Amino acid sequence: MRIEQDLKLGFKDVLFRPKRSTLKSRSQVDLTRHFTFKHSGLTWSGVPIIAANMDSVASFAMAESLAKHQVMTAVHKHYSVAQWAEFIASQPAEVLKHVMVSSGTSDADFIKLGEILAFSNDIQFICIDIANGYSEHLVDYVRKVRAAFPMKVISAGNVVTGDMVEELILAGADIVKVGIGPGSVCTTRVKTGVGYPQLSAIIECADAAHGLGGQIIGDGGCSCAGDVSKAFGGGADFVMLGGMLAGHTESGGEVVEQDGKKMVKFYGMSSQSAMAKHSGGVAKYRAAEGKTVLLPYRGSVDNTILDIMGGVRSTCTYVGAAFLKELTKRTTFIRVQEQENNVFGKE
């Protein structure tokens, strides 16, 4: 046993230090990123925000709506092949290029992934997602998927340290998904005692990935637009959002009525709710590592994604970054013990 003494930080521990800027307006900030991916060699342009692959967030409807804003959706893995076929047949290439196909790591998952990808060459992204990215099984599966689909962009995770980022990239991942425990409906840190403050995880993992020509996704921990900016400032190439995009018409969550108000069910993918829906309940050998909450119905996701993007543009104007790519180069974080004045409550 040993203890690391280095301080690790989450989004709540820092603020951006403002810097002189020549930008006159938020409208001058370009949030588009252009990537060429290490293994696939594919290029992609868009706003590098991703709807998390949760079945109460990342529906087909969400993918269709967010693509209008050049934003990605990691469509959850619980749609059938037939449902995918129907969705793909009625969507233009511009929508499909902003879609990730999510996959587990079983033999059945591999077969299903191949069937889905066969429907269209316009689907370029694969999201291999398991809770514990430190498993050798994940590394082997990434190699298998890379060999089968050499021209696809592969994301794999989740991990929080540089050594595993490097191993996954060397195994064939173009992008590594970073985050263990920071999500709003994740209870992994409580149930297992395992985790890593998200900002420090992003900083460490981005450094490792960029050294090998790969990218990372900061997955989890964002509760406001400022947190999204902090993830980009810390070096994340993409930022994945769950709770911030839940509760909308397009999210796909179950709608219920409580005290006369319309509410939407939102739950973690390792929660009792998710396992009861997709796995016949919580297996006796494990514990649920997610919670279920009811969120006020929030209408269309369009207003929310525009608000998030507007917040990130505003961050860029405060530090003088005309392009999102420049944000991390213009970032100085200052340590703080408070974020906002809550005398009249939280917004």
Side-chain angles (χ1 to χ4, degrees), residues 11 14-38 40-51 66-74 94-95 97-100 124-125 153 155 165 169 174-178 198-199 201-219 221-222 224-241 244-245 302-334:
F11 297 134
V14 301
L15 289 170
F16 286 92
R17 178 174 178 167
K19 296 180 178 177
R20 290 181 70 252
S21 172
T22 58
L23 297 170
K24 297 178 181 178
S25 167
R26 295 170 179 83
S27 64
Q28 294 178 272
V29 176
D30 187 353
L31 297 185
T32 305
R33 290 293 311 267
H34 308 278
F35 294 109
T36 299
F37 296 101
K38 177 181 175 70
S40 64
L42 286 174
T43 59
W44 178 87
S45 296
V47 178
I49 296 172
I50 308 173
L66 292 185
K68 298 172 187 174
H69 305 279
Q70 293 188 289
V71 171
M72 297 278 287
T73 299
E94 189 58 29
V95 171
K97 288 180 179 179
H98 289 85
V99 167
M100 306 178 87
Q124 302 174 340
F125 288 82
V153 179
S155 162
V165 169
I169 290 174
D174 297 290
I175 313 168
V176 177
K177 197 142 74 78
V178 174
Q198 185 68 349
L199 180 60
I202 286 171
I203 292 169
E204 177 176 335
C205 292
D207 182 62
H210 296 163
L212 291 176
Q215 282 84 30
I216 69 160
I217 298 170
D219 176 19
C222 293
C224 58
D227 292 341
V228 179
S229 296
K230 290 172 187 177
F232 284 129
D237 303 285
F238 296 84
V239 178
M240 183 169 271
L241 305 177
M244 290 182 70
L245 298 178
D302 287 331
N303 291 334
T304 297
I305 196 64
L306 288 172
D307 184 67
I308 293 168
M309 292 165 64
V312 177
R313 286 193 188 93
S314 190
T315 304
C316 290
T317 64
Y318 272 107
V319 300
F323 299 90
L324 182 58
K325 182 179 180 179
E326 297 174 356
L327 179 56
T328 187
K329 299 173 185 176
R330 298 284 297 169
T331 292
T332 298
F333 287 126
I334 55 172

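Since we're looking at a predicted model, the values are computed, not measured.
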Side-chain touch [X]/[Y], heavy atoms, less than 4.5 angstrom:
X	Y	answer
Ile50	Ile217	yes
Leu241	Val228	yes
Val319	Pro18	no
Cys222	Phe11	yes
His98	Thr73	no
Leu23	Val29	yes

If you measure from [atom1] on [X] to [atom2] on [Y], what distance do you get to the nearest 0.5 Å?
X	Y	atom1	atom2	answer
Leu245	Leu66	CG	CG	6.0 Å
Met100	Met240	CE	CE	6.0 Å
Ile308	Asn303	CD1	CG	11.0 Å
Met72	Ser155	CE	OG	9.0 Å
Ile169	His210	CD1	NE2	8.5 Å
Lys230	Leu15	NZ	CG	5.0 Å

Query raised in the report: When you look at Thr331 and Lys329, which way does the side chain to side chain contact (heavy atoms under 4.5 Å, CB included) test go after all the steps?
Result: CA-CA 6 Å; Thr331 292; Lys329 299 173 185 176; over 6 Å; no
Do you know which two heavy atoms are closest between [X] and [Y], and how far apart they sit?
X	Y	value
Gln70	Ser45	NE2-O, 4.4 Å
Ala225	Val312	O-CG2, 4.3 Å
Lys177	Asp219	NZ-OD2, 2.9 Å
Phe125	Val99	CB-O, 3.6 Å
Ala206	Gly235	CB-O, 3.4 Å
Gly218	Ala236	N-CB, 4.1 Å

Without swapping roles, check the side chain of [X] against the backbone of [Y] for a donor-acceptor pair under 3.5 Å.
X	Y	result
Gln198	Val178	yes
Thr332	Arg17	no
Ser314	Gly310	no
Glu204	Ala201	no
Asp237	Ile216	yes

Query - Intermediate values then yes/no, side chain to side chain contact (heavy atoms under 4.5 Å, CB included), Leu327 and Thr315 - result: CA-CA 9 Å; Leu327 179 56; Thr315 304; 4.2 Å; yes
Query raised in the report: With a 4.0 Å cut-off, would you call Lys38 and Asp174 a salt bridge?
Result: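 So Lys38 does not pair with Asp174 through a salt bridge.
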Query raised in the report: For atom CZ of Arg33, is the number of surrounding heavy atoms from other residues, nucleotides or ligands below 6.0 Å larger than 12?
Result: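 For Arg33, atom CZ is crowded (more than 12 foreign heavy atoms under 6.0 Å).
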Query raised in the report: Are there more than 12 heavy atoms of other residues, nucleotides or ligands under 6.0 Å from atom CZ of Phe35?
Result: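 More than 12 within 6.0 Å, yes.
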Report task. Could you go through the side chain to side chain contact (heavy atoms under 4.5 Å, CB included) check for Leu199 and Val14 one step at a time? Result -> CA-CA 9 Å; Leu199 180 60; Val14 301; 3.5 Å; yes
Report task. Take the angle between the ring planes of Trp44 and Phe238 and call it parallel below 30°, perpendicular above 60°, tilted in between. Result ->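 Plane angle between 30° and 60°, so tilted.
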Requested in this report: Run the numbers on Thr304 and Met244 for side chain to side chain contact (heavy atoms under 4.5 Å, CB included), then give the verdict.
Outcome: CA-CA 8 Å; Thr304 297; Met244 290 182 70; 5.5 Å; no
Requested in this report: Please find out if less than 6.0 Å separates the ring center of Phe333 from that of Phe16.
Outcome: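 Close enough - the centres of the two rings lie under 6.0 Å apart.
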